[in-house]
Amino acid sequence: LRSLGATLRTRARGTGSWPAALPWLTLAPAVAVLKWAFSNAAGSTSSAHFAIFWLGIALFAGPVIIRILGPAASARERYALLVALGVFLFIPKYLRDPSMPLFHDELAHWRATETLLATGTAFHPNYIIYVIGEFPGLHALAAALVLLTGLSLWHTATALLAVLHVLALLGIVDLTRTVSGGRTRLAAIAGLIYALNPSYMYFDAQFAYESLSIVLVIWVLAATARFTDPAASATTVRAWFGAGLILAGACIMTHHLATYALVGFLIGATALAAFPRGMAPVRRQRWQLLLAFTTLVLLGALLWAVFAAPDIFAYLAPNLTGGIDQLANLLTHSAHAGTTQAVFSKSPLPLYERAFGALSVPIIAAGSVLGLRVLWRRRPLSNLAVLTPALVVLGLVFFASLPFVFSAAGAESAHRSWGYSFIGLAVLIAPAVDHLLDPATHTVGRGLVAIRTLVAVGFACTLVGMVADGIGASYRFPGPFAWGSATLSLDHEMLTLTRRFRHRFGQQQRVIADYYSSLALAAFGNEHTAEPSRGFPTWELYFDTAFPHHLLREMVGSGWNFVVVDERMSSVTPLQNFYIAPGERAHGAPVVRPSKLALEKFDRVPWAKLVLATQHYHVYRLNLSLLSSTLARSSS
Amino acid sequence: VTPPSRRQVLLILALLAAADIAQIVPVTLIRAVLVAPAALVLPGWTAGLLLRLNRSHRTPVEMLPVAIMLSLALWPLLLIGIGAVSIRITHLSVVVVLNCVVLGLLSATAIRRSALP
């Protein structure tokens, strides 16, 4: 402690370095403060938990950032600090609900893995996200670990996600170290920058295929950087080419968008690497290897899409075309109400988080401009690593995605792209930060201290702002029950209903329910829940006071014999602005509650029988043969 | 060429044996602690030895994340692979796959090493 005090005094005078022990001393208190923030959020309606949360994050992340940016830490210490930071930044997602899966995608993947464990086979249909059955990479990995360790799926998933969280940062370090020619501080700074990305703390910490695939993509890029390095030996080149193929193969069977982003990046990298004229023979050989690697990955992705995932393009197309259409409308000032959205509208986030959210984009832009300037000084292009130009372009995709945030259909895609574009931003901005912190850049010692402080403050602002930009408050913190939220609606009553339904009627029953009950019934009950669409508009069952005969005929034909009604639907407006499915009303139309009369109509027909009820939920079993004859009579 | 040392080979075999024995340990936590290193590290480590990744990542600190990453990538490839030949993913099949992969890759590394001049 005496030594710590002496170092802090020296530090306060503007010389020396922050003590190496400081981050480790603050780790336990920081975790305790985070725990306090989550307890506070669960039991209170104030927004104090936001401030407590950031206090906890600052307690550990602050000293880590300062230590990594400082000159004194060794390469191994920076590595250890990044490992600790990776685990630490996983804790908020863990504390959100340590006992069970909660996020929308998590429920789907949890069910898919449980089904794989129960049947011993992959490629089963999934009733929450139908396409994930065709990408069973994560489910197979989790199932292998469950079967070998004997742990529950949820405990295995939690441990696996913590490991993946750390591996993402270490992959960025490996990638940046290779493309920067072995500079360890610069590589560690790149790891820090990647940890700031909006998806890192929550979205990529959930049990979903993105969390595995993003790490696979990072390591494929690290492998590609290794085998395209002109200074690498023939053995190293062969080794990393093989490793890259294994990693890319796993990515192809894990996640569609990650694979297509990877293929797009590799094609771009191959095209950009072909650009410099008069290429040296070694560089030309590396380019040929890159071309071969790109061709193999592209071929693998195409074969998987054709033979294993035939539904993928139908699944992806609406998001892509919808986003582009809405953006085009936005640019031509012809946007209809509902196709555009204001960022942070009706957001419960505190003002400072919203302010940092807006401020973080200029900070990233300034870092990118400085990074481009540092790279420009190293021209011609042949002085840079083969992958560097493509990584810079990948980073700049972040700015191209920003307009999509204002389009209702494209915002989701824009948010999801940031996990990838930050790989490029990390490689682009890290040399700028390293250059700013280089003592040779500053003639006065105090100038370096000021720059270091400014950079640390920039990191802190970006971390707060990016988390605010990345995910909604209901996903970040527990809170009181709220109807119409994927996370806050999953309460004890819904879990009881699911358990009782499964116990009484068994699994794989065909059930029509609201969006939020469907999630729980499909995930925890393994029931076959309906997927509403314009062709099968189940919302009409809830909104119309009379029964829609065309829908009833469809239900009879497909055997939908259970309907769940939540009586609260007539008195509350859902947090996510829809009851049954996002397409239940026209774009821009106001949210209209179903009437009590419409919800109670099942009590008045002989072919529907109330078979299960809780305080708010009513489950009706439909006598389909009686319903069929009723429909036949009415049409005749 | 940097061949795997005798100590490395013995460590791999010891971890694999521990994982196999742990399959009959009734206490889940002890079983998990014994099996996790084998499941998360061994497939990638042995694949790394065969590919000779230890040429560029020489220290255990550098090699460990690469070995874990390769293991995480190999598991889906192996299990979807056995599913493609109609073998169900069960406790027994996963244990057999782990043993076959680790011993197979280690043997291939030894054969490749002996074939080198």
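Throughout, protein chains are lettered first and strands after them, A, B, ... in sequence-line order, and every chain is numbered starting at 1. Atoms considered below: every heavy atom in the structure, side chains included; atoms not considered: hydrogens, waters and symmetry mates.
Only the side chain of A:L160 comes within less than 4.5 Å of a heavy atom of chain B; its backbone N, CA, C and O stay farther away. For A:S233, the part lying under 4.5 angstrom from a heavy atom of chain B is the side chain only. Using a 4.5 Å cut-off between heavy atoms, A:L170 touches chain B through its side chain atoms alone. Proximity to chain B is limited to the side chain of A:Y79, based on heavy atoms less than 4.5 angstrom apart. For chain A, the nearby part of B:T90 is the backbone; its heavy atoms alone come within less than 4.5 Å. Contact of B:L98 with chain A is made through the side chain alone, with heavy-atom distances under 4.5 Å. Using a 4.5 Å cut-off between heavy atoms, A:L164 contacts chain B through its side chain alone, with no backbone atom that close.
Rounding to the nearest 0.5 Å gives a distance of 13.5 Å between OG1 of A:T121 and CD1 of B:I87. Put simply, CE on B:M69 and CD1 on A:I218 are 8.5 Å apart, with the number rounded to the nearest 0.5 Å. With rounding to the nearest 0.5 Å, the separation of CZ in A:F135 from CD1 in B:I80 is 11.5 Å. For the atom pair B:E62 CD and A:R177 CZ, the distance stands at 5.0 Å (nearest 0.5 Å). Once rounded to the nearest 0.5 Å, the distance linking NE2 of A:H139 with CD1 of B:I89 reads 11.5 Å.
Heavy-atom contacts from other residues, nucleotides or ligands closer than 6.0 Å to CG of B:L10 number more than 12. Within 6.0 Å of atom CZ in A:F123, more than 12 heavy atoms from other residues, nucleotides or ligands are found, so the atom counts as buried in its surroundings.
B:R52 places no side-chain N or O within 3.5 Å of a backbone atom of A:T236 that could act as its donor or acceptor partner.
Of residues 80-90 of chain A, no residue lies under 4.5 Å from chain B by any heavy-atom pair.
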Listing, residues 141-153 of chain A side-chain donor-acceptor contacts under 3.5 Å, not counting sequence neighbours, or none:
residue, atom, partner, partner atom, Å
A:T149, OG1, A:L145, O, 2.6
A:T149, OG1, A:L151, N, 3.3
A:S152, OG, A:H155, N, 3.2
A:S152, OG, A:H155, ND1, 2.9

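Of all the listed residues (B:S86, B:G83, B:P65), the one sharing the greatest number of non-hydrogen pairs under 4.5 Å with chain A is B:P65. Of the listed residues (A:A122, A:A248, A:A243), the greatest number of heavy-atom pairs within a distance under 4.5 Å of chain B belongs to A:A243.
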Show, in sequence, the C-alpha distance, side-chain angles and deciding distance for A:V215 and B:L72, and conclude whether the side-chain contact (heavy atoms from CB on, under 4.5 Å) test is met. CA-CA 10 Å; A:V215 187; B:L72 298 183; over 6 Å; no
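Residues B:V66 and A:W240 meet the side-chain proximity criterion, which asks for heavy atoms closer than 4.5 Å.
In terms of heavy-atom proximity, B:L79 sits nearest to A:A140 at CD1-O, 3.3 Å. In this structure, B:L77 and A:A250 approach most closely via the heavy-atom pair CD2-N, 4.0 Å.
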